[in-house]
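See below for the structure under consideration.
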Amino acid sequence: MEALKVPSPVLPTLLVTNQMSKHIFSLPLTHRQPRITRFSNSKFKKFNAVSPSVSTEPAFLLEEEEEEIESVDKDEKFDWLSQWYAVMPVCDLDKRAPHGKKVMGLDVVVWWDQNEDSWKVFDDRCPHRLAPLSEGRIDQWGRLQCVYHGWCFGGSGDCKLIPQAALDGPPVHTFQKACVAVYPSTVQNGIVWFWPNTDPKHKDILTLKKPPYIPELDDPSFTYQVFARDLAYGHEILFENLLDPAHIPYAHYGILGAPQPSVKLDQEGGRPIDINVDKIHTNGFTSNHRNGKWHFVPPCLLYGSVTTFGVNPVNVAKSANKKDHLAQNPPSQPLLVFIAVPVSPGNSRLIIVSPRHWDAWIDRISFRWMYHIAQNLVMDSDLYILHVGEKKVMQAGLSNWRNVCFVPTKSDACVVAYRKWLNKYAGGQVDWGENFDLSYLPPTPPREQLMDRYWTHVVNCSSCSAAYKGLKALKVSLQVFPFAAVAIAAAIKEGMITNVARTTLVVVAVFCFVGSKWLSHYIYEKFHYHDYNHAAR
């Protein structure tokens, strides 16, 4: 495996308070020595912003972008189905029950095999009548049981019991057709990964190729929070968004802090972003930014770190003694890891991790679900925009992306590089095999359903689901207490309780009633639906 030193990233995002001095990623990938593609002024065309005769061709082009995509060797072609894919963080999986997930268009069931002390990933269908095993249970012997007819399966996919089979008859449970297809799987960095092929020849694939490894997540001196959410737009659009730093001050205005330029052109503080991209190859590319780098490692990983300063990088430039200022406010590099999982056309899953080795006490006193509320607001603030944008791209045709999207600035470098990588090495889009009609995207649901947090995050998150149940119970208590208190106050005879005590009881009941109404609104807004109106911010 090759060790990569993680530099600073392009994209300041959800966890901008983290600090880090050193990051090393060990990836089971062979990277070529990158050749930096520099963007000089000569590479850009000049445009007149008010001229109706301005060229519609993009001014921003990567080196050789205008050339036809040259043929690549068979070994350079990216094989979507010969990669490891993340399923879910272990911290959000319950060992007592099976979990149904969709990844790469495949319905899988993840369950804890207590007999082998490991997580298993099976095809989510019983070989009997194709019932989803994810709706089943783990029986008292640690077997995965289908609740339709009670068939039981072991960790190797072998059928252990068919209740309907006669005890003195043929052992039909030993037949090959009674087995469940098993996907190679492993747990790495606290995340369950699987290989999307059940062919027995891939049984030992872990010895040949491993998922990307992040040492900090296994280092006890680091602390981190994990966030995962399903999103109603595709894997390609998700990666475009993650690779685009220019949208942050606008799409996430008022949520994410971004460095402010000395001269602001608008209230959000958008500014030119100078990005260079290394040579693109089948294993991805690295983008270079004035703050550092981001590494795109297909199919799922994007990682890097943001260089920030103790107060504000703008203050460093203004400081009379820059050296003293840096000594008092040393720069930090919070590490950011994004794992973008392709679920199905028009749907994806994002896992975010940000390990750090300082301020570990914050995670011990803070609630994970409150951190997730902030993350969900960020997801919601551009969800509708990306969902609609993806449909327009699909209507125009993926091959026409460069014709319908005008990308004239250096801040678009990573997005253009990603589209070039897709077209050159990966067939222009995720290879779903024969599972889907690629020309079809699910229809747009009502906004409240599109941006729903409960089914896309809360039910899948151990922390948020526990908080949701606790707050719901508190709400019920606050609703019941006022009626009980008023009834008690009315039932108590005169003289058995002072008027002050009676009045206090009524006042407390009123406050509990008002509190229950506020809590009901809070639960709905934080755990179900929170609209984000950009025009009103």
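Along the sequence shown, the residues carry numbers beginning at 1. These numbers come from a predicted model, not from an experiment.
No hydrogens or angles considered: a donor-acceptor pair under 3.5 Å links the side chains of Y468 and H528. Using modelled atom types, one finds no donor on one side chain facing an acceptor on the other under 3.5 Å when comparing D204 with T207. Counting only N and O atoms by type, the side chains of E525 and Y529 include no donor and acceptor under 3.5 Å apart. Between H289 and D274, the side chains place no donor N or O within less than 3.5 Å of an acceptor N or O (distance only, hydrogens not considered). No side-chain donor-acceptor contact under 3.5 Å links H99 and D94. Side-chain contact check for N347 and D230: no donor-acceptor pair (N or O, by modelled atom type) lies under 3.5 Å.
Atom CZ of R368 sits in a crowded spot, with more than 12 heavy atoms from other residues, nucleotides or ligands closer than 6.0 Å. Within a 6.0 Å radius of NZ in K203, no more than 12 heavy atoms belonging to other residues, nucleotides or ligands are found. The neighbour count for Y384 OH, taken as heavy atoms of other residues, nucleotides or ligands under 6.0 Å away, does not exceed 12.
In this structure, H387 has its ring center at least 6.0 angstrom away from the ring center of Y233. Taking the six-membered ring for Trp and the full ring otherwise, W195 and Y85 have centroids separated by 6.0 Å or more. Taking the six-membered ring for Trp, W119 and F194 have ring centres at least 6.0 Å apart. Here H281 and F285 keep their ring centres 6.0 angstrom or further from each other.
Ionic pairing of D531 and R447 is present here: one or more N-O contacts between side-chain nitrogen and carboxylate oxygen are shorter than 4.0 angstrom. A salt bridge is defined here as a Lys NZ or Arg NE, NH1 or NH2 lying under 4.0 Å from an Asp or Glu carboxylate O, and E240 with R419 meets this definition.
Taking both residues in full, the closest heavy atoms of V337 and I214 are given as CG1-CD1, 3.6 Å, listed atom of the first, atom of the second, then distance.
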